[in-house]
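Data first, discussion second: the structure below is written as structure tokens.
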Amino acid sequence: MKRTRLIILVAVTTIATGSLAFADGSPWLPDPETGSITISYVSQNATELYRASKKMTLADDLRQETVSVQGTYGLSDEFAMDLRMGFAKSEYTPAVRDNFRGLTDTNVGVVWRVADELVRPSLPSVALRAGAIIAGDYETGHINAIGDGGNGVELSAIVGKFFADRFALSGEFGYRDRDNNIPSDFFMNVSGGVLVTNAIGLSINYKLVDALSGLDIGEAPFPQVEEDVHFLGGTATFNTTDTTNVGVSYGEVLDGRNTAKSKVWSVSLGYSFDTF
């Protein structure tokens with residue numbers, strides 16, 4: 001039971017810290033015919049922007065609110081699928097025309113477990129994930145656009161390890177490619193969690209998005225700029241029952257290039273289920 005709660009804890013961390021990166025896969029797959037659904041509310045706010053690598057003050061607050069749904073489901077002992085979709089609205093108040101809303105990008109993926117630490121305790125759990133990105137229905141080309149507006153794919157390798165059934169570490173390393181002249185990305189997500197009690201857990205998450213090409217704001221139109229993000233966040237998770245949990249998160253963009261210096265907070269509600 002402790003291990004199940006810790007898996008939930010690390011998973012909630014990646015969900016609740018926003019959409020700064022798409023993948024956020026897990027090396028720990030749900031059992032066959034079981035899954036989870038998580039609903040999250042995420043609020044992002046920024047008063048500063050990195051233009052190239054130089055920080056500048058915005059004319060007004062840049063805000064975005066997102067409600068997202070993420071689900072995972074175990075197809076077999078070795079395969080699982082995941083899905084994320086949502087709705088967002090963004091505001092940049094110098095002009096009414098700078099307010100947008102619409103469906104966010106949808107991401108659907110398949111995860112293949114290559115190695116399971118329960119079978120070989122001396123090794124970490126290892127998984128490979130392939131995901132498809134379907135662009136949402138929002139307007140692009142603005143500083144507060146909800147997304148980049150491109151369809152594409154992402155591939156990642158995910159590694160994780162438990163320690164004494166109370167601590168867990170995981171890392172995801174991947175590559176993302178989209179159409180519409182959006183620069184390809186390298187991304188990395190590193191998470192760590194600890195169960196303080198059987199009902200309360202704490203975790204930390206670091207995200208990196210590194211565009212592999214593109215120009216700076218003013219030299220190229222959105223979303224063709226080179227956007228790099230370094231993000232650090234933390235989450236407190238409360239397991240309210242054996243099948244439900246609540247997560248509260250806060251994080252900030254620490255550094256970047258052609259990106260808003262956002263502060264992000266969120267709340268999430270998760271539910272685990274089976275179909276057998």
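Computation of the quantities below employed the complete heavy-atom set of this structure, encompassing side-chain atoms and omitting hydrogens, waters and symmetry-equivalent molecules. Just so you know, these numbers come straight off a predicted model, no measurement behind them.
Between V114 and L128 the shortest side-chain heavy-atom distance falls below 4.5 Å. In this structure, the side chains of L232 and I204 come closer than 4.5 Å at one or more pairs of heavy atoms. Within the 4.5 Å cutoff, side-chain heavy atoms of H230 are placed close to those of Y206. Counting heavy atoms from C-beta outward, F231 and L208 have side chains that stay 4.5 Å or more apart. By the 4.5 Å heavy-atom criterion applied to side chains, F100 and K89 are not counted as neighbours. Residues E117 and K161 meet the side-chain proximity criterion, which asks for heavy atoms closer than 4.5 Å. The shortest side-chain heavy-atom distance between M81 and L83 does not fall under the 4.5 Å cut-off. The closest side-chain heavy-atom distance from S156 to E172 is below 4.5 Å.
Atoms CE and CG, on M85 and N107 in that order, are 11.5 Å from each other to the nearest 0.5 Å. Note that the CG atom of L155 and the CZ atom of R129 stand 9.5 Å from one another [nearest 0.5 Å]. Rounded to the nearest 0.5 Å, atoms CD1 (I200) and CG (L195) are 10.0 Å apart. Here the straight-line distance linking atom OH of Y92 with atom CD of Q64 works out to 15.0 Å at 0.5 Å rounding. The CG atom of N144 sits 12.0 Å away from atom CG of D61, with the distance rounded to the nearest 0.5 Å. E33 CD to S76 OG: the interatomic distance, rounded to the nearest 0.5 Å, is 10.5 Å.
With sequence neighbours left out, the side-chain hydrogen bond (donor to acceptor under 3.5 Å, both in side chains) criterion links S122 to no other residue. Partners of D148 according to the salt bridge (Lys or Arg N to Asp or Glu O under 4.0 Å) rule, which considers only residues two or more places apart in sequence or in another chain, are R178. The side-chain contact (heavy atoms from CB on, under 4.5 Å) check on T140 picks up Y138, with sequence neighbours excluded. For the side-chain contact (heavy atoms from CB on, under 4.5 Å) test, residues two or more places apart in sequence or in another chain that qualify with D274 are T34, F276. Every residue two or more places apart in sequence or in another chain that forms a salt bridge (Lys or Arg N to Asp or Glu O under 4.0 Å) with R113 is listed here: D116. Remark: T47 pairs with no residue by the side-chain hydrogen bond (donor to acceptor under 3.5 Å, both in side chains) rule, at least two apart or across chains.
Side-chain atoms of S184 and D177 form a donor-acceptor pair, as typed in the model, at a separation below 3.5 Å. In this model, no donor atom of one side chain and acceptor atom of the other lie less than 3.5 Å apart for N180 and Q224. If you check the side chains of T259 and E227, you find a donor sitting under 3.5 Å from an acceptor. Looking at T237 and N245, their side chains never bring a donor and an acceptor atom within 3.5 Å of each other. In summary, the side chains of W265 and Q44 do not present any donor paired with an acceptor at a separation below 3.5 Å, with no hydrogens or angles considered.
The backbone N or O of A52 sits less than 3.5 Å from a side-chain atom of N258, completing a donor-acceptor pair. Using modelled atom types, no side-chain atom of R63 and backbone atom of S90 make a donor-acceptor pair closer than 3.5 Å. Of the possible polar contacts, none joining the N205 side chain to the G233 backbone as a donor-acceptor pair under 3.5 Å is found. With hydrogens and angles disregarded, no donor-acceptor distance shorter than 3.5 Å links the side chain of S213 to the backbone of P183. Looking at T197, its side chain does come within 3.5 Å of a backbone N or O of A199 through a donor-acceptor pair. The backbone N or O of G109 sits less than 3.5 Å from a side-chain atom of D82, completing a donor-acceptor pair.
A salt bridge does not link K261 with E48: none of the charged nitrogens is closer than 4.0 Å to a carboxylate oxygen. With respect to D228 and R257, no salt bridge is recorded, no charged nitrogen being found less than 4.0 Å from a carboxylate O.
Contact between S249 and T235 at its shortest, heavy atoms only, is OG-OG1, 2.5 Å. In plain terms, the two heavy atoms of F167 and V194 that are nearest each other are CE2-CG2, 3.3 Å. Contact record, A236 with L202: CB-CD2, 4.0 Å, taken as the closest heavy-atom pair. Listed here is the closest heavy atom pair of Y175 and F187: N-CE2, 3.5 Å. Nearest heavy-atom pair, S125 versus P27, reported as atom, atom and distance to 0.1 Å: O-CB, 3.8 Å. Closest approach of Y50 and I217 over heavy atoms only: O-CD1, 4.0 Å.
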Legend entry - Intermediate values then yes/no, side chain to side chain contact (heavy atoms under 4.5 Å, CB included), I158 and V126: CA-CA 6 Å; I158 319 161; V126 180; over 6 Å; no
Inset, instruction - Would you check, one step at a time, whether the test side chain to side chain contact (heavy atoms under 4.5 Å, CB included) holds for I37 with V69? - result: CA-CA 7 Å; I37 297 175; V69 178; 4.1 Å; yes
Inset, instruction - Report the C-alpha distance between L49 and I143 in whole Å, list the side-chain angles of each, state the deciding distance to 0.1 Å, and finish with yes or no for side chain to side chain contact (heavy atoms under 4.5 Å, CB included). - result: CA-CA 10 Å; L49 174 79; I143 190 174; 3.8 Å; yes
Inset, instruction - Mind running side chain to side chain contact (heavy atoms under 4.5 Å, CB included) on W28 and S170 for me, showing each step along the way? - result: CA-CA 10 Å; W28 303 295; S170 67; 3.9 Å; yes
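A side chain to side chain contact (heavy atoms under 4.5 Å, CB included) with T72 is found for one member of S36, S26, S272 and no other, namely S36.
A single hydrophobic cluster is seen to contain both V267 and V67, as judged by linkage of ILVMFWY side chains at heavy-atom distances under 4.5 Å, directly or through other members. Using a 4.5 Å cut-off between side-chain heavy atoms of Ile, Leu, Val, Met, Phe, Trp and Tyr, with links allowed through other members, I146 and I182 fall into different hydrophobic clusters. At a threshold of 4.5 Å between side-chain heavy atoms, the hydrophobic network of Ile, Leu, Val, Met, Phe, Trp and Tyr places W112 and V110 in one connected group. When the side chains of ILVMFWY residues are joined at heavy-atom separations under 4.5 Å, either directly or via intervening members, V153 and V108 end up in two distinct hydrophobic clusters. Note on L215 and L212: separate hydrophobic clusters, where clusters join Ile, Leu, Val, Met, Phe, Trp and Tyr whose side-chain heavy atoms are under 4.5 Å apart, directly or indirectly.
Between Y73 and F273, the ring planes are parallel. Angles under 30° get that label, and only those over 60° would be called perpendicular.
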